[in-house]
Amino acid sequence: MAFYAAVSRAKAMSRAFSPILRCMSNVPENTVYGGPKTQSPDQRVTVTHLKQKHKKGEPITMVTAYDYPSAVHLDSAGIDICLVGDSAAMVVHGYDTTLPITLDEMLVHCRAVARGAKRPLLVGDLPFGSYESSSNQAVDSAVRVLKEGGMDAIKLEGGSPSRITAAKSVVEAGIAVMGHVGLTPQAISVLGGFRPQGRNVASAVKVVETALALQEVGCFSVVLECVPPPVAAAATSALQIPTIGIGAGPFCSGQVLVYHDLLGMMQHPHHAKVTPKFCKQFAHVGEVINKALVEYKEEVASGSFPGAAHSPYKISAAEVYGFLSELTKLGLDKAASAAAEAAEKISTSK
């Protein structure tokens, strides 16, 4: 009898504490163990979500961004994927190619973006020199991008058997990989510059074959850069994973542009030189920025900024009087006169 009484008390306690335990638990219901909660439109986009969009034929949106403010913009716009690209070397750091940027520098950009973008799938580029030496190097670099950079996946450029092998090793390490074929900027030494690919039979076939090889080793998506639309259409049709086009025409599963490029942010000579032909400027933010900077300079030079409206921190007349008295006691008569004159001007300019 004592045993059955104990069991009865235990069941009663379980019912009593059940609501509390549910509130305390961070394990989603109907799951085997803790992890990402059930996907909803207001939560992080996942690789599974992208597969579902691709299956339904819904276009995927991706934007390349490098810092917290741009990541917040992407978040509020509902962009599917935020790529932290090694193009930061050119767009942010002012280099002529993507080659100089290091993994440590990329991680700074990754962390900033991760703090700002709460909804998009976050993909970090493996920069040149961080994965070519061996599969172990590739895995180590990819692990850092997720652990230290806060990314959800990595992107690496395909094109050679060793890079395909690197992608395979990273996938087998449990890390989602986005491939990249066509114009691969890290290979400009071999390509002879930023040249479009797939413009002859051999090159076009190589684009499709490389994309298929990346799919075969487990990549969840492939970027097609600067290839003719028929080549992109062929690759997209041949693949079972989504293609993300950039300068590859309208027949891909999705599109990507660089944040600065699509906003028309950059007007100075360096960015005029590196902004690609395929980029549509959806705004002319750079012109607005330049105009604002010139106006700021002129208002500061004329003394019209800041006026009373932008000098919000007040001190009462009584406190001013006491302040002037203390300055006088300290022998700072000139400072006292300046303070008195400033208080008079601010009070009369309201």
Side-chain angles (χ1 to χ4, degrees), residues 50 59-66 79-91 95-99 101 106 123-128 131-132 153-160 163-164 166-167 177-200 202-215 219-239 241-262 271 273-281:
L50 296 178
I60 295 168
T61 56
M62 183 162 90
V63 173
T64 301
Y66 315 105
I79 300 298
D80 294 318
I81 307 171
C82 178
L83 171 66
V84 185
D86 61 354
S87 51
M90 301 171 71
V91 179
Y95 295 111
D96 291 329
T97 74
T98 64
L99 302 184
I101 198 165
M106 284 296 300
V123 181
D125 251 338
L126 291 189
F128 179 70
Y131 64 100
E132 297 88 346
I154 64 98
K155 181 173 78 66
L156 57 75
E157 295 184 4
S160 67
R163 293 185 176 204
I164 302 297
V177 176
M178 175 180 284
H180 185 157
V181 301
L183 170 57
T184 47
Q186 293 176 12
I188 59 168
S189 177
V190 175
L191 299 177
F194 294 105
R195 300 181 183 277
Q197 302 297 301
R199 300 181 72 182
N200 58 54
S203 180
V205 170
K206 182 180 179 182
V207 168
V208 176
E209 288 181 339
T210 305
L212 286 167
L214 287 166
Q215 174 182 264
C219 290
F220 71 89
S221 179
V222 174
V223 170
L224 301 176
E225 181 168 358
C226 294
V227 299
V231 178
T236 301
S237 177
L239 294 171
I241 58 176
T243 58
I244 308 295
I246 179 166
F251 306 110
C252 298
S253 312
Q255 298 291 328
V256 58
L257 286 176
V258 171
Y259 176 85
H260 298 70
D261 292 344
L262 74 88
H271 287 280
K273 181 174 65 176
V274 301
T275 299
K277 294 178 182 179
F278 56 74
C279 181
K280 177 180 178 179
Q281 294 187 349

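On a predicted model such as this, the values are computed, not experimentally measured, just so you know.
The side chain to side chain donor-acceptor pair (under 3.5 Å) test applied to Ser203 returns no partner, not counting sequence neighbours. A search for side-chain contact (heavy atoms from CB on, under 4.5 Å) contacts involving Gln255 returns Cys252, not counting sequence neighbours. Qualifying side-chain contact (heavy atoms from CB on, under 4.5 Å) partners for Glu209, counting only residues two or more places apart in sequence or in other chains: Val205.
By the 4.5 Å heavy-atom criterion applied to side chains, Ile244 and Ser221 are counted as neighbours. Counting only heavy atoms from C-beta outward, the side chains of Ile164 and Thr210 approach each other to under 4.5 Å. Contact of the Leu83 side chain with the Val63 side chain is not registered, since no non-hydrogen atoms from C-beta on lie closer than 4.5 Å. By the 4.5 Å heavy-atom criterion applied to side chains, Asp125 and Met106 are counted as neighbours. In this structure, Ser87 and Tyr66 have side chains that are in contact, with non-hydrogen atoms separated by less than 4.5 Å. Side chains of Glu157 and Phe128 form no contact here, defined as non-hydrogen atoms less than 4.5 Å apart.
For the residue pair Ala88 and Ile101, the shortest heavy atom distance occurs at CB-CD1, 3.9 Å. Closest heavy-atom contact between Val208 and Ala234: CG2-CB, 4.3 Å. The heavy-atom pair separating Val181 from Ala211 by the smallest distance is CG1-N, 4.1 Å. Considering all non-hydrogen atoms of both residues, Phe278 and Gly247 come closest at CG-CA, 3.5 Å. Contact detail for Leu214 and Ala167: the closest heavy-atom pair is CD2-CB, 4.2 Å. The shortest non-hydrogen separation linking Tyr131 to Arg163 is OH-NH1, 3.1 Å.
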Apply side-chain contact (heavy atoms from CB on, under 4.5 Å) to the pair Thr236 and Leu224, showing each step before the final yes or no. CA-CA 9 Å; Thr236 301; Leu224 301 176; 4.2 Å; yes

Would Thr98 and Met90 count as a side-chain contact (heavy atoms from CB on, under 4.5 Å) here? Give the steps. CA-CA 6 Å; Thr98 64; Met90 301 171 71; 3.8 Å; yes

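Between Leu50 atom CG and Met178 atom CE the span is 7.5 Å, to the nearest 0.5 Å. With rounding to the nearest 0.5 Å, the separation of SG in Cys219 from CG in Leu212 is 11.5 Å. Within the model, atoms CG of Asp261 and CD of Gln281 stand 8.0 Å from one another, a figure rounded to the nearest 0.5 Å. The structure places CD1 of Ile154 at 4.0 Å from CG of Leu126, a figure rounded to the nearest 0.5 Å.
When atom types are taken as modelled, the side chain of Thr243 and the backbone of Ser253 share a donor-acceptor pair closer than 3.5 angstrom. A distance-only check finds a donor-acceptor pair linking the side chain of Gln215 to the backbone of Ile241 [under 3.5 Å]. When atom types are taken as modelled, the side chain of Thr61 and the backbone of Asp80 share a donor-acceptor pair closer than 3.5 angstrom.
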